[in-house]
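What follows is a short report on a single structure.
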Amino acid sequence: MTKQLTVAVVGATGAVGTKMMEQLIKRKFPIGHIKFLASARSAGKSIEFNGETYTIEEATPEAFEGVNVALFSAGGSVSAALAPEAAKRGAVVIDNTSHFRMDPEVPLVVPEVNRGDLAEHKGIIANPNCSTIQMVAALEPIRNAFGLTKVIVSTYQAVSGAGISAIQELKAQSENWDAGKDVEAKILPSGSDKRHYPIARNVIPQIDKFTDNGFTYEEMKMINETKKIMHAPELKVAATCVRVPVVSGHSESVYIEVEKEASIQEIFDVLRNAPGVVLQDDIATQTYPMPIYAEGEDATFVGRIRQDLDNSKGFHLWIVSDNLLKGAALNSIQIAEAMLEDNLL
């Protein structure tokens with residue numbers, strides 16, 4: 001008989017939290033009891049899950065008593081305050097914020113890539129950045145087969161990565177453009193930054209705020225997280241992260257350099273057999289990944305694979321995935337599933 005677990009979801013009403021609940025049901029995660037936790041202002045409200053109505057409880061340290069798995073997606077400050085408290089009470093925390101990702105004591109995990117790191121957890125496991133997850137899922141099988149020395153990525157990221165309010169702003173801006181009305185921007189590129197720009201009919205070359213080195217925090221996340229997940233501090237990684245007027249599904253143009261000589265066919269073969277990856281690459285029929293078709297799908301899609309014209313060890317790839325699924329909620333549930341399978345829960 002499968003072990004029945006007590007699960008807590010923190011931030012269930014957000015874009016990622018909603019998808020987490022859907023994945024728990026879809027994947028038949030063995031839930032014996034579930035509780036939904038939120039701030040004091042949301043406590044007492046009702047939430048529907050799997051045909052039943054639950055009352056949201058206030059997220060306090062004591063609320064995690066008896067919890068086996070705590071799924072966090074309520075912002076970094078909430079995770080910082082409550083994740084250690086949940087872990088202290090015996091829960092395994094799977095945190096979807098950036099707060100713990102670069103903590104050397106916290107595993108940063110994509111199960112298809114570094115599942116073995118789960119055994120090193122000390123109560124908290126971090127879910128990587130959405131753009132990082134899909135990229136490393138596609139690159140790890142290539143790295144295993146041919147080595148990897150350099151990664152240069154440019155992302156085309158959907159507004160859902162900035163939350164439900166960003167989706168609503170895109171829709172409102174689009175409607176106002178069409179109606180000839182003024183277009184207001186309050187959220188993107190970063191709600192906490194000084195200036196905001198419309199995303200409708202636009203492309204914004206900034207996600208999150210800028211750091212002192214000229215890269216944004218989103219770009220530095222991709223750079224640092226890729227090295228940590230792959231256990232490759234020497235790997236050369238550079239990123240440019242761009243927000244585009246797409247609701248869901250992140251796209252990435254990725255240039256890599258491998259250590260061993262490889263042919264296009266060999267790259268195809270490796271990706272065709274990679275877990276969680278779907279190869280979509282047939283230029284004769286104009287077959288390649290696109291976010292509109294990746295939305296709602298679990299896989300990471302890879303196509304437009306080309307060998308560089310000047311470097312025989314250089315390859316170009318186009319990688320697409322649903323950022324709210326594999327990029328967030330699904331990866332979190334897969335972490336929990338892997339821990340259950342490996343007797344870590």
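These figures come from a predicted structure and were not determined experimentally.
- Side-chain contact between Phe100 and Pro84 is present, with heavy atoms from C-beta onward closer than 4.5 Å.
- There is a path of hydrophobic side-chain contacts, each under 4.5 Å, that joins Leu139 to Phe268.
- Close placement of the Phe64 and Phe72 rings is indicated, their centers lying within 6.0 Å of each other.
- When only modelled atom types and interatomic distance are considered, Ser190 and Gln206 share no side-chain donor-acceptor pair under 3.5 Å.
- A donor-acceptor contact shorter than 3.5 Å links the side chain of Asp308 to the backbone of Asn311.
- Residues Val242 and Tyr156 fail the side-chain proximity criterion, which asks for heavy atoms closer than 4.5 Å.
- Remark: the backbone N or O of Val302 is not paired with any side-chain donor or acceptor of Asp281 at under 3.5 angstrom.
- For Glu184, the CD atom is loosely surrounded, since the number of other residues' heavy atoms within 6.0 Å does not exceed 12.
- Closest approach of Ser79 to Asp95, counting heavy atoms only: OG-OD1, 2.5 Å.
- Between Met230 atom CE and Leu235 atom CG the span is 7.0 Å, to the nearest 0.5 Å.
- Taking CD1 of Ile264 as the start and CZ of Phe315 as the end, the distance is 5.5 Å to the nearest 0.5 Å.
- Note: the hydrophobic cluster containing Val258 also contains Val153 (ILVMFWY, side chain heavy atoms under 4.5 Å, direct or indirect links).
- Counting only heavy atoms from C-beta outward, the side chains of Asn213 and Met220 approach each other to under 4.5 Å.
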If you apply the rule side-chain contact (heavy atoms from CB on, under 4.5 Å), what do you find for Glu219 with Thr240, and how did you get there? CA-CA 6 Å; Glu219 290 158 355; Thr240 300; 4.1 Å; yes
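- To the nearest 0.5 angstrom, Ile34 atom CD1 is 11.0 Å from Leu5 atom CG.
- Heavy atoms of other residues, nucleotides or ligands lying less than 6.0 angstrom from OH of Tyr217 number 12 at most.
- The shortest side-chain heavy-atom distance between Leu344 and Val92 does not fall under the 4.5 Å cut-off.
- Counting all heavy atoms, side chain and backbone alike, Leu148 lies closest to Glu259 at N-CG, 4.0 Å.
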For a side-chain contact (heavy atoms from CB on, under 4.5 Å) check, start with the C-alpha distance between Glu112 and Val277, then their side-chain angles and the critical distance, and finish with the verdict. CA-CA 10 Å; Glu112 299 93 331; Val277 172; over 6 Å; no
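- Between the side chain of Thr216 and the backbone N or O of Asp208 there is no donor-acceptor pair closer than 3.5 Å.
- No continuous path of ILVMFWY side-chain contacts below 4.5 Å connects Val320 to Ile305, so the two sit in separate hydrophobic clusters.
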Go through the steps for Leu108 and Asp117 under the test side-chain contact (heavy atoms from CB on, under 4.5 Å), then give the verdict. CA-CA 8 Å; Leu108 181 67; Asp117 290 355; over 6 Å; no
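- If you chain together ILVMFWY residues whose side-chain heavy atoms come under 4.5 Å of each other, Ile283 ends up in a group of its own.
- Of the inter-residue distances, the one linking Ile256 atom CD1 with His316 atom NE2 reads 9.5 Å to the nearest 0.5 angstrom.
- Contact of the Arg89 side chain with the Val67 side chain is not registered, since no non-hydrogen atoms from C-beta on lie closer than 4.5 Å.
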Enumerate donor-acceptor pairs with a distance under 3.5 Å from any side-chain N or O in residues 328-341 to protein atoms, sequence neighbours excluded.
{"from": "Asn331", "atom 1": "OD1", "to": "Lys326", "atom 2": "NZ", "distance (Å)": "2.8"}
{"from": "Asn331", "atom 1": "ND2", "to": "Val109", "atom 2": "O", "distance (Å)": "3.0"}
{"from": "Asn331", "atom 1": "ND2", "to": "Asn127", "atom 2": "OD1", "distance (Å)": "2.6"}
{"from": "Ser332", "atom 1": "OG", "to": "Asn127", "atom 2": "ND2", "distance (Å)": "3.3"}
{"from": "Ser332", "atom 1": "OG", "to": "Ala328", "atom 2": "O", "distance (Å)": "3.2"}
{"from": "Gln334", "atom 1": "OE1", "to": "Lys326", "atom 2": "NZ", "distance (Å)": "2.6"}
{"from": "Glu337", "atom 1": "OE1", "to": "Arg27", "atom 2": "NE", "distance (Å)": "3.2"}
{"from": "Glu337", "atom 1": "OE1", "to": "Arg27", "atom 2": "NH2", "distance (Å)": "2.8"}
{"from": "Glu337", "atom 1": "OE2", "to": "Arg27", "atom 2": "NE", "distance (Å)": "2.8"}
{"from": "Glu341", "atom 1": "OE1", "to": "Arg115", "atom 2": "NH2", "distance (Å)": "2.8"}

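- Side chains of Ile319 and Thr300 form a contact here, defined as non-hydrogen atoms less than 4.5 Å apart.
- Open room surrounds CD on Gln286; 12 or fewer heavy atoms of other groups in view lie less than 6.0 Å from it.
- Asp193 places no side-chain N or O within 3.5 Å of a backbone atom of Arg195 that could act as its donor or acceptor partner.
- Both Ile124 and Leu37 are part of a single hydrophobic cluster, where members link through side-chain heavy atoms under 4.5 Å apart.
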Give the intermediate values and the outcome of salt bridge (charged side-chain N to carboxylate O under 4.0 Å, His left out) for residues Asp298 and Lys26. CA-CA 11 Å; Asp298 292 349; Lys26 177 182 176 181; 3.6 Å; yes
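- Between Lys227 and Glu234, every side-chain heavy-atom pair lies at or beyond the 4.5 Å cut-off.
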side-chain contact (heavy atoms from CB on, under 4.5 Å) between Ile31 and Asn50, worked out: CA-CA 11 Å; Ile31 298 172; Asn50 205 18; over 6 Å; no
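- Linking ILVMFWY side-chain heavy atoms closer than 4.5 Å, directly or via other members, places Val136 and Ile94 in two distinct hydrophobic clusters.
- Counting only distance, with no hydrogens or angles, the side chain of Glu225 and the backbone of Arg101 share no donor-acceptor pair below 3.5 Å.
- Nearest approach of Thr226 to Met222, heavy atoms of both residues: OG1-O, 2.6 Å.
- Considering Ser248, Ser160, Ser131, Ser251 as possible partners of Asn323, the one that fulfils the side chain to side chain donor-acceptor pair (under 3.5 Å) test is Ser160.
- Asn202 has its side chain out of reach of Gln173: every pair of non-hydrogen atoms, C-beta onward, lies at least 4.5 Å apart.
- Side-chain contact check for Asn129 and Glu218: at least one donor-acceptor pair (N or O, by modelled atom type) lies under 3.5 Å.
- For Gln157 (side chain) and His250 (main-chain N/O), no donor-acceptor pair under 3.5 Å exists by modelled atom type.
- The only member of Ile25, Val10, Asn96, Val7 that meets side-chain contact (heavy atoms from CB on, under 4.5 Å) when paired with Met20 is Asn96.
- Distance check, rounded to the nearest 0.5 Å: CD of Gln280 to CZ of Arg304 gives 13.5 Å.
- The line from CG of Leu345 to CG of Asn68 is 7.0 Å long, rounded to the nearest 0.5 Å.
- Considering all non-hydrogen atoms of both residues, Ala74 and Gly11 come closest at CB-CA, 3.9 Å.
- Closest approach of Pro198 and Val183 over heavy atoms only: CB-CG1, 3.8 Å.
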List the steps and the verdict of salt bridge (charged side-chain N to carboxylate O under 4.0 Å, His left out) for Asp178 and Arg201. CA-CA 11 Å; Asp178 293 340; Arg201 304 189 186 187; 2.8 Å; yes
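- Closest non-hydrogen pair, Ala145 versus Val270, comes out as CB-CG2, 3.8 Å.
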